[in-house]
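Shown next, in structure tokens, is the structure this report addresses.
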Number of protein chains: 2
Amino acid sequence: MHALTKLDNPGRKCDQCLVRHRALCRVAGTDALAELNRIARTRTFSAGSTIIASEDSMPFVGNVLSGVVKLTKVMADGRQQIVGLLFASDFVGRAFEDHWSYSAEAATDVEMCTFDRTAFERMLGKHPELEHQLLVSTLDELDAARDWMLLLGCKSAEEKVASFLMFVARRAANGGGCGEALPEAGAFEMPVSRTDMAAYLGTTVETVSRQITRLKTANIIRLTDMHHFIVPDIHRLAVAAGVDEVTLED
Amino acid sequence: MHALTKLDNPGRKCDQCLVRHRALCRVAGTDALAELNRIARTRTFSAGSTIIASEDSMPFVGNVLSGVVKLTKVMADGRQQIVGLLFASDFVGRAFEDHWSYSAEAATDVEMCTFDRTAFERMLGKHPELEHQLLVSTLDELDAARDWMLLLGCKSAEEKVASFLMFVARRAANGGGCGEALPEAGAFEMPVSRTDMAAYLGTTVETVSRQITRLKTANIIRLTDMHHFIVPDIHRLAVAAGVDEVTLED
DNA sequence: CGACATGTTGAACCTCATCAACCGACGTGG
DNA sequence: CCACGTCGGTTGATGAGGTTCAACATGTCG
């Protein structure tokens with residue numbers, strides 16, 4: 001499965017990096033950056049392949065350069081839940097623990113900038129500003145996870161789907177797409193399948209599909225094709241999502 | 001609401017601290033400890049009172065010394081979800097952000113060792129070992145949150161309740177109770193109300209109640225009173241909880 | 001073209017939320 | 001002292017929202 005490639009221009013990789021100014025490494029000083037550069041290695045994974053299995057000893061960690069990574073948990077009987085979707089510039093893996101309880105899979109074709117885990121941990125030890133940044137982004141992830149707990153615990157199917165669309169609209173617009181021009185205000189690409197949506201929302205493919213058509217017939221969204229959504233009025237979608245206030249702009 | 005008291009023996013508080021060897025401060029060197037001691041202040045909150053409201057600017061952070069703190073999120077229409085339960089030695093609050101999106105409430109009477117937030121942040125900057133430890137425990141919390149996402153997204157009502165009992169059994173036994181002798185193998189106290197259980201499990205009081213009686217009639221649990229549970233065979237409870245393997249011992 | 005994956009739609013069933021009544025414990029005030 | 005309201009918990013009856021199973025549509029790839 002592990003479809004790997006390596007980019008070997010170790011001298012100046014970071015300069016032209018797509019996520020240079022958004023990922024962890026944005027806080028690295030010039031020397032730290034050079035050091036990161038030395039241990040960095042670009043890997044690519046084709047859609048559907050496993051990046052890190054839950055049994056693996058987690059050989060590496062890294063940042064997503066392009067594509068979408070899903071973190072999943074599965075129960076013994078096969079029921080599974082996606083506990084996180086990671087876009088460009090997001091960090092994958094866990095430092096200071098040699099294996100963890102989810103598995104990371106490529107939801108689309110994925111390109112990552114990876115680091116040997118123990119080497120990366122040594123880096124963190126030497127460069128407090130990096131470790132600090134990792135702490136901050138971990139806190140953000142924790143917030144996001146708890147937001148999702150609210151969704152899973154409280155929201156109706158329609159609210160769930162609407163919330164997910166809001167989530168992707170934001171990530172795909174300012175983050176994941178990364179420079180991808182928006183052809184129309186409120187248009188975005190849905191990078192994952194209906195099945196993945198369902199697994200992330202704690203529901204089934206069928207309900208996701210039904211709710212999408214509901215939103216469609218209510219004229220809250222339109223689809224050009226299966227994976228291209230248009231949201232004419234983000235406010236109406238927010239209402240459908242059951243968002244308290246207009247937390248749209250940050 | 002804020003029912004406060006202060007213990008003012010700043011000289012040697014930490015020595016006799018209940019959670020000295022389990023909380024963040026366990027990694028503090030003698031000087032860092034002394035400094036922590038200087039900015040520490042014990043506060044108590046009576047059951048039901050708000051510790052930090054979501055609108056507050058989060059004046060302080062701290063460790064739970066005794067009691068149980070719940071982190072809750074509420075939607076505009078009142079639906080609410082508990083996104084975390086914190087026991088003795090757990091850390092409450094968020095550094096590097098002056099307000100956060102949940103509110104912390106005392107589920108029982110609570111005693112906390114608190115620090116002024118900005119002073120605490122300064123401490124973290126000066127003592128990397130503290131910041132490192134905070135990172136590690138944040139990572140653990142993130143794992144816990146994602147475990148709970150699996151529960152909220154996949155599990156049936158019975159599995160939810162059984163899982164919650166397992167959760168409390170473990171925390172109340174090795175952590176929260178802290179020295180409280182277990183009168184019987186597998187006996188523990190339920191520190192929170194049925195309502196809180198429901199809010200944590202993404203269900204209703206009625207279902208919680210029903211599932212408890214189901215577990216009772218199945219002889220998987222017994223109750224001495226409303227808040228004292230006995231689990232004769234933790235394995236059977238684990239099965240009811242839908243736990244993959246025996247992840248009982250860590 | 002057929003085979004397969006992905007998504008949509010329909011119909012039946014079932015779990016769980018909802019509404020309501022009830023119970024015991026507790027505290028207050030008459 | 002008892003009447004009263006309140007609060008936390010349990011139990012019952014009912015129905016809606018979502019799961020499940022199945023058929024169908026669409027798109028893709030050999």
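Labels below follow one simple rule: chain letters A, B, ... track the order of the sequence lines, proteins then strands, and each chain is numbered from 1. For clarity, every value in this text was computed on a predicted model and none was experimentally measured.
Distances shorter than 4.0 Å separate none of the side-chain N or O atoms of A:S209 from OP1 or OP2 on C:dG7. Within the 4.0 Å cut-off from OP1 or OP2 of C:dT9, at least one side-chain nitrogen or oxygen of A:T213 is found.
A donor-acceptor pair is defined here as one N or O able to donate and one able to accept, closer than 3.5 Å; such a pair exists between the side chain of A:R194 and the backbone of A:M226.
Summarising the geometry of B:P191 relative to B:V168, their closest heavy-atom pair is CD-CG1, 3.8 Å, with the distance given to 0.1 Å.
At a threshold of 4.0 Å, the pair A:D140-B:R94 counts as salt-bridged, since one of the basic side-chain nitrogens sits closer than that to a carboxylate oxygen.
At the heavy-atom level, B:S193 lies under 4.0 Å from the strands shown only through sugar-phosphate atoms.
Closest to the side chain of A:E206, from the set D:dC21, D:dT19, D:dT10, is D:dC21. When distances run from any side-chain atom of A:T203 to the nucleotides D:dT19, D:dC21, C:dC19, the shortest one goes to D:dT19. Comparing C:dG7, C:dA17, D:dT11 against the side chain of A:T195 picks out C:dG7 as the nearest. Taking only side-chain atoms of A:H227, from C-beta outward, the nucleotide of C:dA17, C:dG7, C:dT9 with the closest atom is C:dG7. The listed nucleotides are D:dT10, D:dG18, C:dC16; the one nearest the side chain of B:T207 is C:dC16. Comparing atom distances between the B:R210 side chain and each of D:dT10, D:dC21, D:dT11 picks out D:dT11 as nearest. Each of D:dT10, C:dC16, D:dT19 was ranked by its minimum atom distance to the side chain of B:A157; first place goes to C:dC16.
For the pair B:K155 NZ and C:dT15 P, the computed distance is 18 Å after rounding to whole Å. Between the CE atom of A:M226 and the C1' atom of C:dT6 there is a distance of 8 Å, given to the nearest Å. In this structure, B:M190 atom CE and D:dG9 atom P are separated by 10 Å, rounded to whole Å. Summarising the geometry, the separation between NZ on A:K160 and P on D:dG17 is reported as 14 Å, rounded to the nearest angstrom. Atom CZ of A:R194 and atom P of C:dT9 are 11 Å apart (whole Å). Taking atom CG on A:L201 and atom C1' on D:dG18, their separation rounds to 14 Å, with Å as the unit. At whole-Å resolution of the value, CG in A:L215 and C1' in C:dT8 are 15 Å apart. Rounded to whole Å, the distance from CZ on B:R214 to P on D:dT10 is 15 Å.
A:K155 and A:S163 share a donor-acceptor pair across their side chains, judged by distance under 3.5 Å alone.
Taking only distance into account, the side chain of B:Q211 never meets the base of C:dC16 through a donor-acceptor pair shorter than 3.5 Å. No N or O donor and acceptor, one from the side chain of B:E158 and one from the base of C:dC16, sit under 3.5 Å apart.
The CZ atom of B:F45 sits 7.0 Å away from the OG1 atom of B:T114 when rounded to the nearest 0.5 Å.
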